[in-house]
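We count ligands from 1, going down the list as the structure has it; atoms in each ligand are counted the same way. Not measured: the values here are computed from a predicted model.
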Amino acid sequence: MKENKFIDLRSDTLTLPTQDMREVIYTAKVGDQAYDEDETTIELEEYCANYFGKEAALFTCSGTMSDQVAIRSWTHSGDEVIIDKSYHINYFQAGPSTDLGNILLNTCDTKDGILTVEHIEKAIQSRKRGNLFGNPKLISLENTINGFGGSIFPIEKLKEVFSYSKDKGIPVHMDGERFLNACIATGIPVKEYASYSDSISTSFSKGLGAPFGSIIMGNKKFIEKARRYRRWYGGSLHQSGFMASAALYAIKNNVQRLQVDHDNAKLLESLLKKETNISLNLYPAETNMVMIDTNNLNVTSEEFVRLCKEKGVLVYPWAPYIVRAVTNMNVTAEDIKVAASKILGICIELIN
Ligand SMILES: Cc1ncc(COP(=O)(O)O)c(C=O)c1O
């Protein structure tokens, strides 16, 4: 760590492009994407469709745009989307989902963000159905689950939901902005894991280190619809190859490095747990996040974040008593050791 530099664990979106990535952006072959003439964007979309085992792919500006375009493409005004209340599409995107999507979010309250067939069935049964009523037209899942500390949606549960969704004729959208973290952590091949959803998004600007961009994948018919709504939402960029080149670089070079972030999150978790005098309530670090429950410390997350900042560590107040730390490309194992000792120092002061 350089002197006076903060150790920034607020998010994995804060990473800056490396020199290699900047050069790729600078020299990218571009054309006008609105005329289907941007070769780099086309190459990225083909690469990702093949990588995830889907028929087609569409590059978007952000994860939010991928989710909103997916919702719009699967539903009509007044339809219901079944979702866990912790998911990004509800927790952060309730405004766009209801305003742009014109849908009703039928939220389930699970203990861990893992939406099961039972939860979905209960949500469907929670009201009368028919012409007078809203009807469920999309099941939206998340993997990894941000609101539960980057936890993994288990493939067995996913298979059950997917098979149930086929019986019901309701498509499944996977908000997979950190889906590749789940693949790296479990060792499940990307194509296999992705086969249990009808559409899936992935971010290039989180652990993969690109400055922007996300992609949605699905069958050709879905992607054609999505292309229309991407344009409606202002996401049809012209020389998008500059952005696509960074994304292509990220997915070709940075997927395996997610393991480093996972190792660092485990290191942080184990160092925070090592102090036997304080029992810190942590969510298990399954991928690149550690979440600290500040209830035991009798302090709000905002106050805890302020104390950490005073000591040179930046973390994020996720909920009133939950603080999130995300490992990312900018932090090393050495930084994690320093951060852990500072955080523990604060905890000891708080409980004494
Ligand atoms: C699960 C999930 N979906 C969607 C988003 C939104 O992505 P963006 O910030 O690129 O709009 C995020 C952001 O962290 C996320 O964690």
Discussion item. Closer than 4.0 Å to some heavy atom of Ser62 - which atoms of ligand 1 meet that?
Written reply: 10 (O), 11 (O)

Item to complete: Using distance alone, decide if ligand 1 has a nitrogen or oxygen within less than 3.5 Å of any nitrogen or oxygen in Thr144.
Response: no

Practice prompt. Tell me which protein heavy atom sits closest to atom 3 (N) of ligand 1, plus the residue, atom name and distance to 0.1 Å.
Written response: Asp175 OD2, 2.7 Å

Item to complete: State whether the number of non-hydrogen atoms from other residues, nucleotides or ligands found under 6.0 Å of Lys29 atom NZ is greater than 12.
Response: no

Worksheet item: Between Lys206 and Glu177, is the closest basic N to carboxylate O distance under 4.0 Å?
Response: yes

Worksheet item: Any idea which atoms of ligand 1 are less than 4.0 Å away from a heavy-atom of Arg178?
Response: 14 (O), 15 (C), 16 (O)

Worksheet item: Are Lys122 and Cys108 close enough that some pair of their side-chain heavy atoms sits under 4.5 Å apart?
Response: no

Worksheet entry | Minimum non-hydrogen distance to atom 10 (O) of ligand 1, winning option of Gly150, Gly213, Gly63 | Gly63

Worksheet item: Between Tyr47 and Tyr51, does the ring centre distance come in under 6.0 Å?
Response: yes

Worksheet item: Picking from Asp12, Asp261, Thr144, what satisfies side chain to side chain donor-acceptor pair (under 3.5 Å) with Asn288?
Response: Asp12

Response to the item:
When distances are taken from atom 15 (C) of ligand 1, the protein heavy atom at minimum range is His88 CD2, 3.2 Å

Worksheet entry | Region of Asp67 that comes within reach of ligand 1 [heavy atoms, distance under 4.0 Å] | side chain

Fill in: Proximity flag Gln93 to ligand 1, non-hydrogen atoms under 4.0 Å
yes

Worksheet item: Taking the side chain from Glu142 and the backbone from Asn146, do they hold a donor-acceptor pair closer than 3.5 Å?
Response: yes

Worksheet entry | Pairing residues for His119 by the ring-ring contact (aromatic ring centres under 6.0 Å, His included) criterion, not counting sequence neighbours | none

Discussion item. Show me which atoms of ligand 1 lie under 4.0 Å from any heavy atom of Glu142.
Written reply: 1 (C)

Item to complete: Around atom 11 (O) of ligand 1, find the nearest protein heavy atom and jot down its residue, atom name and distance.
Response: Thr64 OG1, 2.6 Å

Worksheet item: What protein heavy atom sits nearest atom 9 (O) of ligand 1, and how far away is it?
Response: Lys206 NZ, 4.0 Å

Worksheet item: Should Glu45 and Lys54 count as an ion pair when the cut-off is N to O under 4.0 Å?
Response: no

